[in-house]
Every structure is written in structure tokens, then in C-alpha cells.
Amino acid sequence: MPDFALPPQYDPSSVEKRLYGRWLDAGIFTAHVDSPKKPYVIVIPPPNVTAVLHMGHGLNDTLQDALIRFERMRGREALWLPGTDHAGIATQNVVEKLLAQEGKTRFDLGRDAFVQRVAAFVSETGTTILEQLKTIGCSCDWSRTRYTLSPELSRAVREVFVRLWEEGLIYRGHRVIHWCPRCLTALSDEEAEFQETNGHLYYIHYRLADGSGQVTVATTRPETLFGDTAIVVNPEDPRGAPYVGKKASLPLTGIEIPILADESVDKEFGTGFVKVTPAHDANDFEVGMRHGLAMPLIMTEDGRMGDVGKREAGSGKRVPPELEGVDRFEARKKVVKMLEAAGQLAKVESHQHAVRRCYRCDSIVEPRLSDQWFVKMKPLAEPALDAFRTGEVRFVPERWETTYTQWLEGIRDWNISRQLWWGHRIPVFTCTACQHQWADRVDPTACPKCGGPVTQDPDVLDTWFSSWLWPFSTLGWPDDTPDLRHFYPGHTLVTAPEIIFFWVARMIMVGIHVMKRAPFGTVYLHGTVRDTKHRKMSKSLGNGIDPLDVVRLYGADALRWTAVAGVSLGSDLILDNEDLEATFAPGRNFANKLWNIGRFILSQLPDQVPAIASVDRSTLTLADRWILSRCQTTIEAATRANEQYRLDEAAKLCYEFVWGDLADWYVETVKPRLAAVPAAYAVLGYCFDMALRLLHPVVPFITEELWQKLPGRKAGELLAAAAWPAPSPAMRDAAADTAFGRVQELITAIRSIRAEYRIAPKTKLGAVLTSRDPKDYEAESDTICRLAGLEAFSVGAAPNGVGAHAVLRDGGDVFVGLGGSIDVTQECKRLTTDRDRLDKQLAGLSAKLANESFVARAPAEVVAREREKEQAWRAQVAALNDKLKALGCA
RNA sequence: GGGCGAAUAGCUCAGCUGGUUCAGAGCGCCUGCCUUACACGCAGGAAGUCGGGGGUUCGAAUCCCUCUUCGCCCACCA
């Protein structure tokens, strides 16, 4: 009995930290520019500096790590570049909330102090998530960790801004933008997310100024009526004809506004009359521009009613005093009441429509007329579309291509200015003397034109304005660094489809614009992590799973296993947060299985295991040849699957090989031979080594731990830096596949009989096999005896004694002697069931073959195959009928 | 309003170019086993009219059409 030094259960917590340290010490995650190897580069989607690891990262980063480890083992100079994003709004919000607990606002601190406060906060929390990535095994090149707000990357941001400015691609726009009244900043179109909302449609009477009647408008936002500067009606609409050209007076204030014709009005919706609030609705703004309307702002920046549009013609006293300072939604209720009291509220209908919300704080966005900096996107979008069309960039899975192209085709200019304090200050300067305005790479001290004093734009840039540079700003651009030359462009971008617009498309656009090459060739888009009700996992829903809990309870490999094997290409990962056991046990159990195969092997193998190449193939048994063949099939299929980003499939193939073939069958067959036969050592050692290599990208810890213990390891050798298995086609052996398959079938059939007749496991039986081709069975007769619990196994004619039968696929028959214990009725029933099932299948098959069209039209090989099958089944049925007759069954 | 995806065993999902028993895996369930690598295990089972309907084809879970249900993305109908 072997004396195992290792415990029967794998304990991840005792090895993970140590192994990660070894990898770091060996420096194998560090990429080198002077390496002769071909580079392979992934840049991490930088998590927010304030983020803590959640399952979304768990999925995203595990996939990246599996890819990078696969390519590293395949001999590429693999660079996985990590880092964090300063996340303008999100981070500012976090610190503002902390300040609020002290009863302060950022305005109490002032800009400089606030920015310092955020920076201090970030310096404390900013590396948390990167440290957490290490606990799940991420093999990032930590020597190249970057941060979007670092001095180096800030320089890249500024350089790009100035270049775009110089190229005329940045301009100041005066229009209605999305405004978050809580964050007090403008947002881009992408940052203002649509959400279906149940609201109301209010019908309001606007009396004509001449007292001759009234028109009724329908609106979802009655509180904005104070900013109305016109009513419009479709010129084709006969209902409008009597009114166009007249004036209406605003309810509650009596301000007179014109009734105009405008084609943008949908005749079918509402009453056909539309109130126009140019400063608080993007559509109305367009109408206002067409008709030269005044555009008064009637809300403060924080969303309360008030006259603030001083620079606009027509501004002035518009909001009634009793509404001054009232929140917009409160004001809505009040206005409705006031209208009702004035007899000007016709009716209220419930109405479902989409409202935009701030993607960071979920507040309802207020459309607001404002001056902002924009990037002209059309010139950038065209080359990005070309990059897709020429195949320079491709998407996996392909279905995201249309999302990408459609967005680019309809691209709109990008509002990049944010009225925040946390971020890259916009490098636009204005001379207070001569009004000259320019963008500058360095802070100027005086106006270059007149020498006058200079002020800088107070706003900061959209966070994504630094993110979109990530693939090259991280490599040292704008300097022409060795890193940049060697590692740009990268290869694979792994991310979620949610940020195709925010990030992926923009990286491609600016990458081509600045670097002349798209930043990566493949965009690999994975799904979203959801709970069993298919709701996105989120902190606010409380349905999340903490990856660190999983690591603690089941090990990092178990987490990774579920992330990789639990989801097919591009589909969502559904996890049960209420049943962690069901969710993560498979990975843990598999790791434990590996552990125990390893334990067994280590207890058996000598210190010197012969290399598989040195083994004379003629000394191999059928089982040897079979497992080697299976090993090769797995190597080839898993490699192909990984190349096609089918990481789940590769993982499952390896799982099947290890558990289903190696453990369940080969290890069992080889046990009695191990002590004596060197070839058995070689085969077992080789297959296990290959399995560990194949599985390493997915479950790096357990595989490294076991690989280290295998005999013949040189000091300092690491699986993480070892070579990916090369296929050895000579080991493929179709004959062995078939022959061993027969052995398995026979053993399973006998076991099945044992179970059916409730034969105690310890009871040894005798069995006789009749087969057309018995030699494969004879070669493994020892295996058959041990695995099927036989004391004797022979090939020959079945005896006439009492026993149970099983018919094999080739029409062969196995007779299992059960002594006097056989229940003939039961045996008849068993065999009859089998016979009937086969008979039915056979009838179907025969009908198929009798069908002339099938024989004529199906490919010859298919027909031939079906014929063979028919013959085999016929033989099986005949054999079964013989047995039934011999037993005297009805 | 447009686009995309999903629907297969009780649950979570594979099933790629239609054809090898193709109807599978894991979890759960049932039966028997602590067989000297592993009970996080071993062996043997039960379990699905592949969402409905139509079509193409010698042949459909797989391709086409349509309907139903669910989910996501995009969209200025106030």
C-alpha cells in the first residue's frame, strides 16, 4: 500500500499564493522587446481605479488570461498590459459621497483641494483591483502597469487633443446636450442611457392671444412650458391652417408665442400641435434654429426651476415666482395643478416612453442648451469602417459586426467636455485681452498674439477620451519607444459588447488616425454575468457573487473553470448566487480529480520515466495505443478550439480526456502493469504531462502544482513557461480507437448485467464471449476481468447453461454465467426490450435503405455506412432472438 | 419603430459544414459500492414529441418562412 505524502484533497489556498509568487519571481509575465519571439498583445480593459473585483471582471480577465497563457505557451512573446482608468464621473461621485458624509460638497473644498482629495483617495484604493487580479491568477506584465491619469498618459491625451484641434476636428458647439443635474455635467450620447418609463401625456390648452379660441398641445413635460417660444403644427395638417400665423399665450404667464408650421411634426401623434422648448429639448432646438426662435433656459444646473438663460434673447422673467427654485419633478406636479385650476388642463393619459438616464448616477438627464467641446467624428469613422471591411479588424462572434458598422455609419459628434474637476483639464486657452483661443501642448504664460493674460478652459475631458488612446498611450506614445514599435498594434481585445461604442469603436478610430493601424485584429466579445433570473449581477440588486469568496471556498481554478467552461462563445454567463456549490463545485471537483490522478502517478512512477519517443511501439498494449491516440486527438482539437476562441470547447475536451479516458479507463488498465513495464510509465507520464499543459491556461494553479512534482523536472522549470503540446500524428491510431472502444463496450455490458441482477461487487463471475473478431478482446482480457469483476473470461461458443446475455455492436454476444441465481423471466424481459428497441431501429433503417431516392441521392459513403449498420443490427437482432429461444422465452 | 440573440432532461447549458446510435454534459434524482488515486469519488440507471406550425431535402435539433415567449441593443414621435 503506497504511503502518500499528499493529502487526498487538493487545498487551493495552500498553493495559489506560493505559485503566483514563483511566477512573478521567474519574471515570465514580463514581455521583452528584444525577444526573437513574435509578440502577442492584449491590453486589459482598464477597471476603474476605485473598483473592486466582481464577477464581470472574473469572466473578462479569466478569458484574457487563458488566451495570453495559451499564446505564451505556444511560443509568443506575450504581453498582457494591465492598468486602471481614472473614471472621471464615477470616481468623483465616490469621493463626493464621502464628502457628503462629512456634510460637505466639493464646492466647500474648492477645485484644487478637491482634486487632491480624490487623488489621495485613489492612491489608497487604486491598486486594490490589480492585487485582486493576482488572486485569480492573471498573468499580467505588472512592470508595465499604467493609469489613464498618470503624467505619461496625460501627455498622450493632451497631444491627441492638440492634434485634433490643429486638424480642425475639435470645435465648440452651442446646442442642446444631455445634462446630469446631479453630477452637474454634460454627458455624451452614449452616457445618457435610454430607459422605458411609464409616464403621462398631458394635454394642455394654449389660448390664442386674440381671444379667438385655443389650441391644445400634448406634452410629457408640462413644467417646461415656461421655456416655450412657439407652437408648431405640420403644414400638411388641415387642423393647423386656421391657426398658423396667430399667436398663443403661454398658460400661467401669458407670454405670447407664435404658432408656426414645421414639417417635423407628426400628424398622427397627440393633437398635432407641439409646444416648442428649444433650450430643453434637442428636437425643439432644431425647430428653434429653423425658425430663429428665442431659447430661454428655465432651469438651473441642478434641475430646479429658474430663469438662468441670460445670454439668450427672449430670456427674462418667465418662471412664476411660486415655482422659482422648485425641483423639476415637483414643479411638474405643481404646474399640472395650476393648469387644472386655470381650466387649461384638457386631460392626462398614461404614456410609455423612453427617458434618458445618467449612466453613472441614474438621474433623469435634462436636455439643456449649452456650450461644449465636440469632436467631429465622421472623418474618423470612415477609416474605422474600412478597417472592418478590409478585415484588419474582425469581431468574434461575428454578429457584433453590424452593431459596430451601424453605429459608425450613423455616427454623431462626440461631446468631450465635462463640467467636472476630476480628469484631464481641457488644454484650451483664451486670451482675456484679444480673445484669441487655442489649444496648447504646454501651459502658456501669455497670449502668443498680444501677450495678454490667459485663462484655461475650466472643464475636463470625458474619461473615454483617455481610454480610447489606451492601446498606444500605454506603450509610451507620443514618444517613439521600443515598446510602441514592438507591441503595437496588439492582437486581441477581450471585452463586453456594452462598450463597443464607448470604447472599442473609438479605440479603432483614433488608433487608425494616430498610429495608422487599428490597435488590434480581433475583438472578442463575451457575454454578461447574470443570475438565474437572467438579471445582470449588480451591487444594487444584491444578486452578486464575490469572486474572492469563490476563491476562498473553491479555489481560483474553480472560479476560472466556471468562467471558461460554463459559457459558450459570446453567450451570457448565468450563475446561481444562491447555490455556489452547484455553480463552482464542478471546477473544484475537477481540480481534485487532477490532484488525485497526480497523487496516484507520483506514488507509482520511478524517478526516471522513459521519454515516450524512446518507447518501442511494438511493446505497447492496445490500451497504451488507445490513450496515446486519444491524447493526440485532444491536443489537436483543443488547439484548434483555442485558436477559434472556443475556450469552452477546448476546456471540455481536455476534461473529457482527463476524466473520461485517462482516469476512468487508462489508469485502471495500467495499474497491474506499472510495477513491471517501463512503457506503461512512459505512456502514463506523457499523457498526464500533456493534459496538464493543455489545461494550464484555464486552471493554472493546480496544473502548475502537479507539473512541478512530476519526475524529471529541472530546477526553475515552470509549466506557465512550458511549451504547448505539439501534435504527434504518428500516435493517432484509428484501429486502437475502435478496438479499445469494443473492450469498453464489453466491460460496460457486463457491469450492466451485474447491476441489473444485483450481483455483489465482490462476487466474481465467469463470462464467455462470442465474437467475429475476438483478438482485441483477448489482448485485454486481464483488463476485462478486473474491470468487469470476472474470475474467468474466455472466447468461444456460448455454453448452454443458465446465464445472462448481452449482444454487442458487432453482433457478438457475451454470456455471463450467473450460476443458479438467474431469473429467467427477468432475463427474457431484458433481452426482449433490447431486441424490440433494436428491431424498431432496424426497421427504420431498412425502410431508409429501401427508399430509392435515398440510395440514389445520398452520398455513396453515407449509403455504405448505413448498409454496414443495417448488417450489424441484423446480426444483433438475430443473436438476441437466438438467446431468447435458448432461454425458452415467450 | 428597427436590429440582434435565446427557447434542447427538474436546473445551467453543449450540439460548429444537415448524415458515424445525434439526442449529449455538468448539477440534481434513483440503485449499489469507503474496489489500496480520488465519497469533491466509483459503477449502473431514470429522465427530453430539441417552443408551436409550415417548408426545403433521400434525410432537419441543425437550413428557410411564420407564430409565441423571454432578453438585449439602437431610435428626436412631443
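So that the names make sense, note that chain A is the first sequence line, chain B the second, and so on, each numbered from 1.
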When rounded to the nearest Å, what value does the distance between [atom1] atoms of [N] and [M] take?
| N | M | atom1 | result |
| --- | --- | --- | --- |
| B:rG41 | B:rA47 | C1' | 23 Å |
| B:rG71 | B:rG54 | P | 28 Å |
| B:rG48 | B:rA7 | C1' | 14 Å |
| B:rG1 | B:rG15 | C1' | 36 Å |
| B:rC50 | B:rA14 | C1' | 13 Å |
| B:rG44 | B:rC4 | P | 46 Å |
| B:rC34 | B:rC40 | C1' | 14 Å |
| B:rG3 | B:rA23 | C1' | 33 Å |

Residue [X], side-chain heavy atoms: nucleotide from [options] that is nearest:
| X | options | value |
| --- | --- | --- |
| A:Phe501 | B:rC74, B:rG19, B:rU12 | B:rC74 |
| A:Asp664 | B:rA43, B:rA75, B:rC27 | B:rA43 |
| A:Ser571 | B:rA14, B:rA43, B:rC38 | B:rA14 |
| A:Ala858 | B:rU12, B:rG19, B:rG26 | B:rG19 |
| A:Gln841 | B:rU31, B:rU21, B:rC40 | B:rU21 |
| A:Arg646 | B:rA78, B:rG26, B:rG15 | B:rG15 |
| A:Lys869 | B:rA75, B:rC40, B:rU20 | B:rU20 |
| A:Arg599 | B:rC38, B:rG44, B:rA78 | B:rC38 |
| A:Lys593 | B:rA37, B:rC76, B:rA78 | B:rA37 |
| A:Arg865 | B:rC33, B:rA43, B:rU20 | B:rU20 |

Under 4.0 Å, heavy atoms only, any strand: does [X] hit a base, just the sugar-phosphate, or nothing?
| X | answer |
| --- | --- |
| A:Pro497 | nothing |
| A:Thr748 | sugar-phosphate |
| A:Thr403 | nothing |
| A:Val567 | nothing |
| A:Arg535 | nothing |
| A:Trp659 | sugar-phosphate |
| A:Ala218 | base |
| A:Arg758 | sugar-phosphate |
| A:Ala663 | base |
| A:Glu196 | base |
| A:Lys536 | nothing |
| A:Arg356 | sugar-phosphate |
| A:Glu193 | nothing |
| A:His351 | sugar-phosphate |

Starting at the 5' end of RNA chain B, which residue's closest nucleotide do you reach first, A:Glu581 or A:Val862?
A:Val862
Return the 5'-most residue of the pair A:Thr271, A:Val667 with respect to RNA chain B, ranking by each residue's nearest nucleotide.
A:Val667
Which one is paired to [N], where only Watson-Crick or G-U wobble pairs with both distances under 3.5 angstrom count?
| N | value |
| --- | --- |
| B:rU36 | none |
| B:rG44 | B:rC30 |
| B:rG71 | B:rC4 |
| B:rC50 | none |
| B:rC13 | B:rG24 |
| B:rA61 | none |

Calculate the interatomic distance between [X] atom [atom1] and [N] atom [atom2]; express it in whole Å.
| X | N | atom1 | atom2 | result |
| --- | --- | --- | --- | --- |
| A:Trp595 | B:rA39 | CH2 | C1' | 18 Å |
| A:Asp834 | B:rU21 | CG | P | 17 Å |
| A:Phe194 | B:rG71 | CZ | P | 20 Å |
| A:Leu573 | B:rC11 | CG | C1' | 15 Å |
| A:His353 | B:rA78 | NE2 | C1' | 10 Å |
| A:Met55 | B:rU12 | CE | C1' | 14 Å |

Between [Y] and [X], is the closest basic N to carboxylate O distance under 4.0 Å?
| X | Y | answer |
| --- | --- | --- |
| A:Glu656 | A:Lys652 | no |
| A:Asp648 | A:Arg646 | yes |
| A:Asp237 | A:Lys267 | no |
| A:Arg356 | A:Glu366 | no |

A:Thr220 vs B:rA78: side-chain N/O to OP1/OP2 distance below 4.0 Å:
no
Under the salt bridge (charged side-chain N to carboxylate O under 4.0 Å, His left out) criterion, do A:Glu791 and A:Lys764 qualify, and how do the steps go?
CA-CA 5 Å; A:Glu791 61 185 355; A:Lys764 300 287 184 199; over 6 Å; no
Do [X] and [Y] have side-chain N/O donor and acceptor atoms under 3.5 Å apart?
| X | Y | value |
| --- | --- | --- |
| A:Asn596 | A:Tyr10 | no |
| A:Lys275 | A:Thr277 | yes |
| A:Thr583 | A:Asp576 | no |
| A:Ser571 | A:Ser568 | yes |

Is the ring centre of A:Trp561 less than 6.0 Å from the ring centre of A:Tyr655?
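Yes, they do, as the ring centres are separated by less than 6.0 Å.
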hbond_proxy A:Gln9 side chain to B:rA39 base (donor-acceptor, 3.5 Å cutoff):
no
